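Could you have a look at this structure, given as structure tokens, before my questions?
Small disclaimer: the values here were computed from a predicted structure and weren't measured.
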Amino acid sequence: NDYSKWEKLADEEEEEERREKDAELSRAEFHEACREEQQVVEQWLKRNMRDLLKSAQSTPKDPHAPPELIRNSQTSFRRAGKEDLRVLSMLMVLSHFEEGE
């Protein structure tokens with residue numbers, strides 16, 4: 001009785017399971033790296049938003065500026081909320097890639 005063909009079949013199944021586990025581990029590592037990078041980007045966005053808000057408050061509006069320029073350059077921007085910053089940081093992380101990747 002030659003059972004080598006059954007052993008080979010079992011080995012192929014084990015190999016497929018190992019490949020699936022490796023792929024899942026690789027995906028999990030990628031997601032974790034993305035989450036870490038997203039947190040860094042979100043902190044960067046918060047810091048720059050805070051600086052931008054401070055500079056907007058400390059810079060007085062020019063009363064002698066032409067009206068067409070006032071509408072375009074001196075309008076205040078919408079302050080991004082926590083969820084907005086989270087989504088924007090996620091978009092930045094997922095859409096950033098080096099050339100050739």
Keeping to residues at least two apart or across chains, list the salt bridge (charged side-chain N to carboxylate O under 4.0 Å, His left out) pairs with something in residues 87-97.
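Output for this query is empty, none listed.
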Who pairs with R19 by salt bridge (charged side-chain N to carboxylate O under 4.0 Å, His left out), at least two apart in sequence or on another chain?
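Testing R19 for salt bridge (charged side-chain N to carboxylate O under 4.0 Å, His left out), a comparison that skips the adjacent residues, returns E16.
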Is there any side-chain hydrogen bond (donor to acceptor under 3.5 Å, both in side chains) pair reaching into residues 30-46, and which pairs are they, with sequence neighbours excluded?
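Qualifying pairs, neighbours excluded: E32-R35.
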Closest non-hydrogen atom pair between L94 and C34, with its separation
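Between these two residues, the closest heavy atoms are CD2-SG, 4.1 Å.
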Not counting sequence neighbours, which residues clear side chain to side chain donor-acceptor pair (under 3.5 Å) with E17? List them please.
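If we apply the side chain to side chain donor-acceptor pair (under 3.5 Å) test to E17, skipping adjacent residues, there are no hits.
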State plainly whether one hydrophobic cluster holds both L85 and M92, where clusters connect Ile, Leu, Val, Met, Phe, Trp and Tyr through side-chain heavy atoms under 4.5 angstrom apart.
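Same cluster: L85 reaches M92 through Ile, Leu, Val, Met, Phe, Trp or Tyr contacts under 4.5 Å.
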Who passes salt bridge (charged side-chain N to carboxylate O under 4.0 Å, His left out) against E20, sequence neighbours left out?
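In terms of salt bridge (charged side-chain N to carboxylate O under 4.0 Å, His left out), with neighbours along the sequence ignored, E20 is linked to no residue.
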Please list, chain by chain and in numerical order, all residues satisfying side chain to side chain donor-acceptor pair (under 3.5 Å) with N48, sequence neighbours excluded.
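If we apply the side chain to side chain donor-acceptor pair (under 3.5 Å) test to N48, skipping adjacent residues, there are no hits.
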Is there a path of hydrophobic side-chain contacts, each under 4.5 Å between heavy atoms of I/L/V/M/F/W/Y residues, joining M90 to L45?
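Different hydrophobic clusters.
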Pairing residues for E29 by the side chain to side chain donor-acceptor pair (under 3.5 Å) criterion, not counting sequence neighbours
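If we apply the side chain to side chain donor-acceptor pair (under 3.5 Å) test to E29, skipping adjacent residues, there are no hits.
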Return the set of residues passing salt bridge (charged side-chain N to carboxylate O under 4.0 Å, His left out) with R27 (not counting sequence neighbours), or none when no residue passes.
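Listed in chain order: E24.
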Could you tell me whether D51 and R47 have a side-chain N and a carboxylate O separated by less than 4.0 Å?
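Judged by the 4.0 Å cut-off on N to carboxylate O distance, D51 and R47 do not form a salt bridge.
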